[in-house]
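Some notes on the structure that comes next.
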Amino acid sequence: MKASISLTQIVLSVPLLLFSAATSYPLLLDNFLQCLPNHVHASNPIFEAIYTPSNSSFQSVLVAYIKNRRFLTSDTPKPLAIVTALHESHVQATVICAKFHGLQIRIRSGGHDFEGLSYRSDVPFVILDLFNLRSIDIDIASETAWVQSGAILGELYYEIAKKSKVHGFPAGVCPTIGVGGHFSGGGYGNMLRKYGLSVDHIIDAKLVDVNGNILNRKSMGEDLFWAIRGGGGASFGVILSWKIKLVRVPQRVTVFMVDRTLEEGATDTVYQWQQIISKIDKELFIRAQPQVVQNDEDEKTVRVTFIGQFLGKSGKLLSLLTKSFPELGLKQEDCKEVSWLESTMFWTNIPLGTPPEALLNRSIPAELFFKSKSDYVKEIISKQDLENIWKQFLKTEGMVMQWNSYGGIMKEISSTKTPFPHRAGYLFKIQYFTLWFTEGTEATDRHIRLAREMYDSMAPYVSKNPREAFLNYRDLDIGRNPSNETNFQEAQVYGSKYFKGNFLRLAAVKKRVDPDNFFKNEQSIPPFD
Ligand SMILES: Cc1cc2nc3c(=O)[nH]c(=O)nc-3n(C[C@H](O)[C@H](O)[C@H](O)COP(=O)(O)OP(=O)(O)OC[C@H]3O[C@@H](n4cnc5c(N)ncnc54)[C@H](O)[C@@H]3O)c2cc1C
Ligand SMILES: *[C@@H]1O[C@H](CO)[C@@H](O)[C@H](O)[C@H]1NC(C)=O
Ligand SMILES: *[C@@H]1O[C@H](CO)[C@@H](O)[C@H](O)[C@H]1NC(C)=O
Ligand SMILES: *[C@@H]1O[C@H](CO)[C@@H](O)[C@H](O)[C@H]1NC(C)=O
């Protein structure tokens with residue numbers, strides 16, 4: 001553990017133009033801290049939840065849920081305090097006192113935000129950290145569960161499987177993601193084609209609003225309940241917990257992973273993959289994952305890994321693929337029949353056979369620096385264009401692309417049912433994930449520049465007007481506001497990419513529930529109607 005950071009260091013790290021204001025932070029902080037106990041019952045003391053830089057654990061609590069090393073540097077702005085809520089009333093008190101004293105809050109559940117917006121801001125702020133609020137209460141009889149925001153996906157999957165071998169939940173593949181951020185941003189995973197997004201299976205929620213009241217679906221109203229299922233929770237309130245409807249999964253599912261390099265015909269296979277991928281059985285999801293590798297001659301080449309999951313047995317999968325996608329050449333020995341819980345480990349590269357308790361591990365340090373971007377593809381990319389894409393891709397460093405198949409039930413859900421608009425008419429989504437291990441601005445600048453060049457070169461092949469993006473793959477390059485104000489025109493730039501026509505409806509909900517724009521960040525929804 002590193003030594004704690006003193007308040008003077010924090011004050012000195014703010015930009016010079018703010019220097020005169022800086023001296024007032026300790027006062028702001030004092031007022032905030034003194035306010036908190038007035039809003040909680042004595043039986044739920046809040047002092048045990050408060051960390052300021054003078055507490056020796058401040059730094060370790062801060063970094064425990066920083067998942068991108070890019071924001072684990074000395075010049076990343078630090079919060080004045082962290083409130084690690086131990087009780088729902090601590091969340092209410094934090095909202096009430098921060099609002100009253102004009103202090104910004106950043107809400108953090110699992111800390112996976114790609115741009116670190118849950119734990120950094122350019123103005124004085126406190127982190128409202130929800131990792132302690134993580135109970136999971138499953139009722140198999142009604143096939144539902146209440147899940148608190150601070151629970152991670154691995155815990156949810158593990159707890160479901162403990163109760164039932166034939167239930168699961170459609171959500172992301174990384175077990176340490178927090179459900180607070182993940183569900184409120186949509187939430188997708190390898191059951192997307194069968195069951196859609198996480199938000200398609202949320203039936204109730206508890207939220208602390210801007211006045212510190214706890215609301216549920218009935219008391220918040222259908223418009224706010226709509227907004228938090230894909231519109232990003234952080235614009236509207238603090239989600240305490242979600243009620244989800246579980247989905248049915250078979251006792252055994254089939255997973256596989258096969259590779260093709262360019263020399264082995266990857267271009268043809270990817271071309272064929274595009275033809276079938278949005279039309280094939282809903283039980284099947286195949287991700288194509290291009291990556292730059294060295295070939296036998298020690299030259300750079302592209303290798304595409306096809307990672308698949310079939311909600312059924314391998315025999316059925318093989319006959320399906322022999323008919324519709326023979327180019328993949330999938331063989332019986334490539335297939336593994338596993339339980340649904342084991343499939344969640346397979347997708348995150350935990351070796352099969354590892355005890356499932358590995359999914360509960362929260363102590364995974366952030367080792368990677370990364371930058372992510374996203375795109376949506378609606379039309380088949382020709383073989384010639386795929387060749388052009390590989391040429392540019394070979395110039396990147398440390399980039400992995402994930403091409404995630406769409407179609408299936410996504411085609412049947414209206415683009416206005418939730419704020420997440422990318423439903424019918426998409427072949428696949430691209431994630432561009434660039435990672436590196438070297439500290440310093442030189443490495444950071446180079447990797448980000450190469451990632452942006454790759455993204456620019458993809459413009460002809462992806463959605464246009466607007467060029468769409470996925471909120472959970474947050475990317476500040478596509479438009480942003482300053483930390484402390486939300487300009488509508490600027491918000492419309494990123495808002496239309498994330499939400500298309502749903503942006504204005506989100507802004508109207510925001511106007512009703514948070515007209516003074518207390519809940520804000522660089523990509524939040526502005527109040528407008
Ligand atoms: C390694 C990795 C793998 C990923 N894989 C997938 C994937 O398979 N599918 C997918 O859809 N996404 C994936 N993501 C993206 C992930 O879903 C988003 O980053 C998500 O927002 C993370 O949620 P969190 O609670 O961990 O993050 P946080 O950083 O805590 O929060 C993210 C955002 O939500 C807000 N927020 C958090 N909790 C609350 C709350 N309780 N109330 C209101 N607002 C809140 C934060 O303020 C912030 O704006 C992945 C990310 C990483 C780093
Ligand atoms: C942090 O320090 C303050 C002041 O000493 C103390 O009241 C508080 O309980 C400490 N926080 C924790 C979580 O230990
Ligand atoms: C959790 O993961 C980390 C990093 O992979 C590892 O060092 C640690 O031993 C794991 N903890 C447990 C309890 O498995
Ligand atoms: C936002 O902060 C900047 C300095 O970072 C300041 O100049 C500006 O006035 C602030 N805006 C609001 C609305 O507080």
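In this text the structure is predicted, and so the values were computed from the model without any measurement. Counting starts at 1 for both ligands and their atoms, in listed order.
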Out of S109, G116, G186, indicate the one that has the non-hydrogen atom closest to atom 38 (N) of ligand 1.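 Result: the heavy atom closest to atom 38 (N) of ligand 1 is in S109.
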So, E222 and R217, do they make that salt bridge, N to O below 4.0 Å?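 Yes, E222 and R217 are salt-bridged.
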Do [X] and [Y] have side chains that approach each other closer than 4.5 Å (heavy atoms only, starting at C-beta)?
X	Y	result
Y188	F470	yes
I286	W273	yes
N481	Y494	yes

Aromatic ring proximity, centroids under 6.0 angstrom, [Y] and [X]:
X	Y	value
F114	H112	no
Y406	F428	no
F169	F183	yes

Give the contacting part of R474 toward ligand 1: side chain, backbone, both or neither, where contact means a heavy-atom distance below 4.0 Å.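 Side chain only.
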Would you please test K371 and D477 for salt bridge (charged side-chain N to carboxylate O under 4.0 Å, His left out) and show each step? CA-CA 10 Å; K371 169 74 189 167; D477 293 352; 3.6 Å; yes
Do S57 and S60 have side-chain N/O donor and acceptor atoms under 3.5 Å apart?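 Their side chains do not contain a donor-acceptor pair, so the 3.5 Å distance test is not met.
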What are the atom names and distances for all N or O pairs under 3.5 Å between ligand 3 and the protein?
| unit_1 | atom_1 | unit_2 | atom_2 | d |
| --- | --- | --- | --- | --- |
| ligand 3 | 2 (O) | N361 | ND2 | 2.3 |
| ligand 3 | 11 (N) | N361 | ND2 | 2.9 |

Please confirm whether N472 comes within less than 3.5 Å of ligand 1 when only nitrogen or oxygen atoms on both sides are compared.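 N472 vs ligand 1: N/O contact under 3.5 Å present.
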Any N or O of G110 closer than 3.5 Å to N or O of ligand 1: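 Yes, there is a polar N/O contact under 3.5 Å.
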I need the atoms of ligand 1 closer than 4.0 Å to a non-hydrogen atom of [X], numbered in the order shown.
X	answer
G237	42 (N), 43 (C)
R108	30 (O)
A234	35 (C), 43 (C), 44 (N), 47 (O), 49 (O)
L130	41 (N)

Charged tip of R229 within 45° of F225 ring normal and under 6.0 Å: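 Cation-pi check for R229 and F225: passes.
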Looking at atom 9 (N) of ligand 1, what's its closest protein heavy atom, distance included?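 The closest one turns out to be Y188 O, 2.8 Å.
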Just to check, does G185 reach to within less than 4.0 Å of ligand 1 when the distance is taken from its heavy atoms?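 No, G185 has no heavy atom closer than 4.0 Å to ligand 1.
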With sequence neighbours left out, which residue pairs that include part of residues 85-124 fulfil the disulfide bond (SG atoms under 2.5 Å apart) condition?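 Found C35-C97.
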